[in-house]
Amino acid sequence: MARNRRERQTREALVEEVDGGLAELMPDRERPRAWTLLVDGAPQSHVDLDDPAYLDFEYQRRLGHIADLVAPPGRPVHALHLGGGALTLARYVAATRPRSTQQVVERDTALVQLVRRALPLDPAARIRVRGTDAREGLAKTPDGWADLVIADVFSGARTPAHLTSAEFLADIRRVLKPTGWYAANLADGPPLAYLRGQLATAATVFPELALVADPAVLRGKRFGNAVLLGAGQPLPVAELTRRSAADPHPARVEHGRALIDFSGGAAAVTDASAVASPAPPSSVFR
């Protein structure tokens, strides 16, 4: 215990320029081998090297619930991660579903090098990282390969426009198995026009949808994250609702008629009309 306290006291932040800006790996003072990744001041990921199944960020915990439910417990899956950060969700799937095969697409190769050097992956984890744009990496993925596609792509604090369209989601549907799921981390604030547009867009591609978020975000009271889930077959909404409600960061799950009503008749986004997600207010990261 004394040694762990000394380690917490002596660890210092790692700061490097990467392709996307200034990356900082900040030590977690409560967990001896845990770090938070920030890029240009925006929190991106949290990783505990001693416990890769530990998820700290609210939205990552919600994505973790989805990864837990996409297949029976412990069964290996094929997972595609669009956006890498500190590889938190890939580490989580490797820890909770050993022998899974995973591909991570992250265009910021300098960030990947920093993360792999400072926060090394378990050599036994079957995680391959490709240094390319998310849409280009997606295009190279075989038809029907993935059980789960997680999209968590941010340039700074905004999702690039070309990763918000119906054409992009159609290619995700192509790489999914018939039973596969798509999960996306979306960030928006009042009046939630971006989030409503993403729901309308996903509805053109996936017959089954659910949205998981803090009730305050869904009411348009504050800027925050929402996790969109899409599939070709019925989703385990009741179990996802139970897990989301019981989480240390409780969330609400919307689906069915309520979700259609929430979208408010928004128009679907195409490549021709796509725009980046809104920039968060400066107060979000204070």
Side-chain angles (χ1 to χ4, degrees), residues 42 44 58-60 62-63 66 80-83 105 107 133-136 138-139 148-176 180-232 235 237 240 244 251-284:
Q44 302 285 328
E58 293 181 20
Y59 84 87
Q60 290 183 333
R62 290 160 194 164
L63 288 169
I66 289 168
L80 174 64
H81 304 262
L82 303 178
V105 180
R107 69 176 300 168
D133 175 78
R135 198 147 167 183
E136 293 176 3
L138 177 65
L148 177 64
V149 175
I150 295 177
D152 185 14
V153 187
F154 286 82
S155 178
R158 305 179 70 184
T159 298
H162 70 297
L163 305 180
T164 68
S165 69
E167 292 90 339
F168 169 64
L169 294 187
D171 208 25
I172 286 177
R173 182 74 188 271
R174 174 188 64 80
V175 308
L176 285 172
W181 295 359
Y182 162 66
N185 175 32
L186 308 175
D188 198 9
L192 300 178
Y194 171 75
L195 183 57
R196 298 182 204 280
Q198 288 300 288
L199 283 168
T201 305
T204 67
V205 177
F206 295 102
E208 299 291 333
L209 294 174
L211 187 69
V212 189
D214 185 306
V217 173
L218 293 178
R219 290 196 299 268
K221 298 296 185 182
R222 68 173 180 87
F223 193 97
N225 297 83
V227 172
L228 174 63
L229 178 60
L235 294 163
V237 173
L240 181 60
S244 300
R252 194 167 84 215
V253 177
E254 294 286 7
H255 69 287
R257 183 75 243 175
L259 193 55
I260 294 172
D261 292 343
F262 178 82
S263 66
V269 177
T270 66
D271 280 343
S273 63
V275 296
S277 66
S282 58
S283 60
V284 167

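Worth knowing before you read on, the calculation uses all heavy atoms, side chains too, and leaves out hydrogens, waters and symmetry mates.
- Between A200 and A266, the shortest heavy-atom contact is CB-O, 3.2 Å.
- In this structure, R196 contributes its side chain and F262 its backbone to a donor-acceptor pair below 3.5 Å.
- Side-chain contact between V105 and L80 is present, with heavy atoms from C-beta onward closer than 4.5 Å.
- Interatomic distance, CG of L176 versus CZ of R173, reported as 7.5 Å (0.5 Å rounding).
- Here the CD atom belonging to E254 is positioned 11.5 Å from the CD1 atom belonging to I260, to the nearest 0.5 angstrom.
- Residues satisfying the side-chain hydrogen bond (donor to acceptor under 3.5 Å, both in side chains) criterion with Y194, sequence neighbours excluded, are absent altogether.
- Proximity of a side-chain donor or acceptor of S165 to a complementary backbone N or O of F168 within less than 3.5 Å is detected.
- Separation of atoms CG (N185) and CD1 (I150) is listed at 10.0 Å; rounding is to 0.5 Å.
- Here the straight-line distance linking atom CD of Q198 with atom CG of L163 works out to 10.0 Å at 0.5 Å rounding.
- By the side-chain hydrogen bond (donor to acceptor under 3.5 Å, both in side chains) test, D171 is found to be paired with R174, residues two or more places apart in sequence or in another chain being considered.
- Of all heavy-atom pairs spanning F223 and A279, the tightest one is CE1-O, 4.1 Å.
- The CD1 atom of I66 lies 4.5 Å from the CG atom of L229; values are rounded to the nearest 0.5 Å.
- Between T164 and V275, the closest side-chain pair of non-hydrogen atoms is not below 4.5 Å.
- Nearest approach of A268 to S273, heavy atoms of both residues: O-OG, 4.4 Å.
- Heavy atoms only, all atoms of each residue included: V269 and G197 are closest at CG2-O, 4.2 Å.
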Ignoring hydrogens and angles, write down the donor-acceptor pairs under 3.5 Å from the side chains of residues 203-219, residues two or more places apart or on other chains.
unit_1: T204; atom_1: OG1; unit_2: T201; atom_2: O; d: 2.6
unit_1: D214; atom_1: OD1; unit_2: A216; atom_2: N; d: 2.7
unit_1: D214; atom_1: OD2; unit_2: R222; atom_2: NH2; d: 3.1

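- In this view, D188 satisfies the side-chain hydrogen bond (donor to acceptor under 3.5 Å, both in side chains) rule with no residue, not counting sequence neighbours.
- Atom CD of Q44 is separated from atom CG of D152 by 8.0 Å, given to the nearest 0.5 angstrom.
- A search for side-chain hydrogen bond (donor to acceptor under 3.5 Å, both in side chains) contacts involving R107 returns nothing, not counting sequence neighbours.
- Residue H255 qualifies as open at atom NE2: its count of foreign heavy atoms under 6.0 Å is 12 or below.
- Summarising the geometry of S244 relative to V253, their closest heavy-atom pair is OG-CG2, 3.7 Å, with the distance given to 0.1 Å.
- By the side-chain contact (heavy atoms from CB on, under 4.5 Å) test, E136 pairs with T132, D133, sequence neighbours left out.
- Scanning all heavy atoms of the two residues, the minimum distance from R62 to V227 falls at CB-CG2, 4.0 Å.
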